[in-house]
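The block underneath contains the structure these notes are about, expressed in structure tokens.
Every value quoted in this text rests on a predicted model; they were computed, and no experiment measured them.
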There are 2 protein chains.
Amino acid sequence: MGATKSHIFTTTQNELAQVAKVLAHPARIAILQHISKQEGCICTDLVEEIGLAQPTISQHLNEIKKIGLLKGTFEGKNLCYCIDQDRWLELKQLMNTFFSNITLNCC
Amino acid sequence: MGATKSHIFTTTQNELAQVAKVLAHPARIAILQHISKQEGCICTDLVEEIGLAQPTISQHLNEIKKIGLLKGTFEGKNLCYCIDQDRWLELKQLMNTFFSNITLNCC
DNA sequence: ATTTAACATCGTAATATTGCAATATATAAT
DNA sequence: ATTATATATTGCAATATTACGATGTTAAAT
């Protein structure tokens, strides 16, 4: 025991939870907001901006990447990437649908 | 180390992450969806519906309660509660604002 | 007053997350 | 080729989450 029992839930329920999990850390919220503030792709020092150690930032970026939210060049000296528009709108839609489908017919 | 460094982030960033954290489990998504399907307040067997043990469900309900999303009677034999409308709309708004404020000006 | 039913709490095991130092890798610059 | 710089990976410690059995609590029913 201790692990989430994903198999007893629907695909959508698991998907929603997975997206929420990525957003469930202030560092990842901050990273997304910071990328969004940039003009184009981000190539600057996210480590200084956020205030966590480099491996920690790298780890958080990986979580965001896992759900397909980042695209760009990931090799070489300068990492240049940005938010994947299509995926972002997809997830925004998913969240919005969830929030809208909860009907409040009580109290 | 191992604990989230909340103090280096803004109130909004922490708040968003906290809300997302509550949604970051399929059981809690399922619970919210199930309450929403009911006509009025929920007084039925959530344990059977979801398929997790009673203490586990109780724990998840507590997480949802912590961010003020449930209201109703919590004492006695029959637990009757529902989603707090004002709070729900507040959180929906918070999430929506976050998603809308991320601008996609790249690639 | 006892029993029963519904839910909460406690204790604990399994697993996941967070964070960072150390180290590896990969490219650009010299 | 060597050095410098940027990011990834590894390994590990601290903490948090998930799940449930056992037990406690509360109130209605008998």
Side-chain angles (χ1 to χ4, degrees), chain A residues 1-9 13-14 16-31 34-35 38 41-67 70-82, chain B residues 1-9 13-14 16-31 34-35 38 41-67 70-82:
Chain A
M1 305 110 209
T4 298
K5 290 186 162 181
S6 307
H7 60 282
I8 67 175
F9 303 104
Q13 285 166 347
N14 282 314
L16 271 165
Q18 202 194 359
V19 173
K21 200 176 245 180
V22 172
L23 301 179
H25 196 291
R28 293 191 290 263
I29 297 282
I31 287 171
H34 185 252
I35 297 179
Q38 302 302 108
C41 283
I42 190 180
C43 304
T44 63
D45 204 343
L46 206 46
V47 174
E48 271 191 22
E49 182 69 27
I50 306 290
L52 290 170
Q54 181 265 321
T56 309
I57 295 293
S58 187
Q59 218 169 223
H60 281 306
L61 279 170
N62 227 285
E63 294 301 312
I64 301 175
K65 217 163 78 183
K66 264 189 206 164
I67 55 164
L70 294 181
K71 70 171 174 183
T73 315
F74 287 97
E75 313 112 65
K77 189 176 157 189
N78 282 296
L79 176 64
C80 283
Y81 53 87
C82 56
Chain B
M1 301 110 213
T4 298
K5 290 187 163 181
S6 307
H7 61 282
I8 68 174
F9 302 105
Q13 285 166 347
N14 282 313
L16 271 165
Q18 201 194 0
V19 174
K21 201 175 246 181
V22 171
L23 301 179
H25 196 291
R28 294 193 288 265
I29 297 281
I31 288 172
H34 185 252
I35 297 179
Q38 303 301 109
C41 283
I42 189 179
C43 304
T44 64
D45 205 344
L46 207 46
V47 173
E48 272 191 20
E49 181 69 27
I50 307 290
L52 290 170
Q54 181 265 319
T56 309
I57 294 293
S58 189
Q59 218 169 221
H60 282 307
L61 279 171
N62 229 285
E63 295 300 312
I64 302 175
K65 216 163 78 184
K66 263 189 206 162
I67 55 163
L70 295 180
K71 71 172 174 184
T73 315
F74 287 99
E75 312 111 65
K77 190 176 160 189
N78 282 296
L79 176 64
C80 285
Y81 54 87
C82 56

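Proximity note for B:Ala3 (side chain, C-beta onward) versus D:dC20, D:dT15, C:dC7: the nearest is D:dT15. Among the nucleotides C:dT9, D:dA8, D:dT17, the one closest to any side-chain atom of B:Lys21 is D:dT17. The listed nucleotides are C:dA8, C:dC20, D:dT18; the one nearest the side chain of A:Leu52 is C:dC20. Listed candidates were D:dT18, C:dT9, D:dA16. Nearest to the side chain of B:Ser58 is C:dT9. Considering only side-chain atoms of B:Pro55, the nucleotide from C:dT9, C:dT18, C:dG19 that sits closest is C:dT9. For B:His25, taking side-chain heavy atoms from C-beta onward, the closest of the listed nucleotides C:dC20, D:dT7, D:dT18 is D:dT18.
In this structure, A:Gln54 and A:Arg28 both approach DNA chain C, and ranking their closest nucleotides by distance from the 5' end singles out A:Arg28. Residues B:Ala27 and A:Leu61 each lie close to DNA chain D; by heavy-atom proximity, the contact nearer the 5' end of the strand is made by A:Leu61.
In this structure, B:His60 does not reach the D:dT17 phosphate: none of its side-chain N or O atoms is under 4.0 Å from OP1 or OP2. The phosphate of D:dC20 has OP1 or OP2 within less than 4.0 Å of a side-chain N or O from B:Thr56.
In this structure, B:Lys66 atom NZ and D:dT18 atom P are separated by 10 Å, rounded to whole Å. Remark: P of C:dC7 and NZ of B:Lys65 are 12 Å apart, rounded to the nearest angstrom. Regarding A:Glu48, its CD atom lies at a distance of 15 Å from the C1' atom of D:dT7, rounded to whole Å. One can place CG of B:Leu46 at 13 Å from C1' of C:dA6, the figure rounded to the nearest angstrom. C:dC10 atom P lies 11 Å from atom CG of B:Asn62, rounded to whole Å. In this structure, CD1 of A:Ile50 is placed 13 Å from P of C:dC20, rounded to the nearest angstrom. Counting to the nearest Å, the P atom of C:dA16 and the NZ atom of A:Lys5 are 14 Å from each other. Nucleotide D:dT7 holds its C1' atom 17 Å from the CD atom of A:Glu63, rounded to whole Å.
For D:dA8, its base never sits under 3.5 Å from the side chain of A:Gln59 at any donor and acceptor pair.
Taking 4.5 Å as the limit, every side-chain heavy atom of A:Val22 sits out of range of all side-chain heavy atoms of A:Lys66. Between B:Leu52 and A:Ile8 the shortest side-chain heavy-atom distance falls below 4.5 Å.
Put simply, the side chain of A:Arg28 never gets that close to the backbone of B:Ala17: no donor and acceptor are under 3.5 Å apart.
In this structure, A:Thr4 reaches the sugar-phosphate backbone alone: every heavy-atom distance under 4.0 Å involves primed, P, OP1 or OP2 atoms, never a base.
By the 30° and 60° cut-offs, the orientation of the rings of A:Phe9 relative to B:His25 is perpendicular.
When all heavy atoms of B:Ala24 and A:Ala24 are compared, the pair lying nearest together is CB-CB, 4.4 Å.
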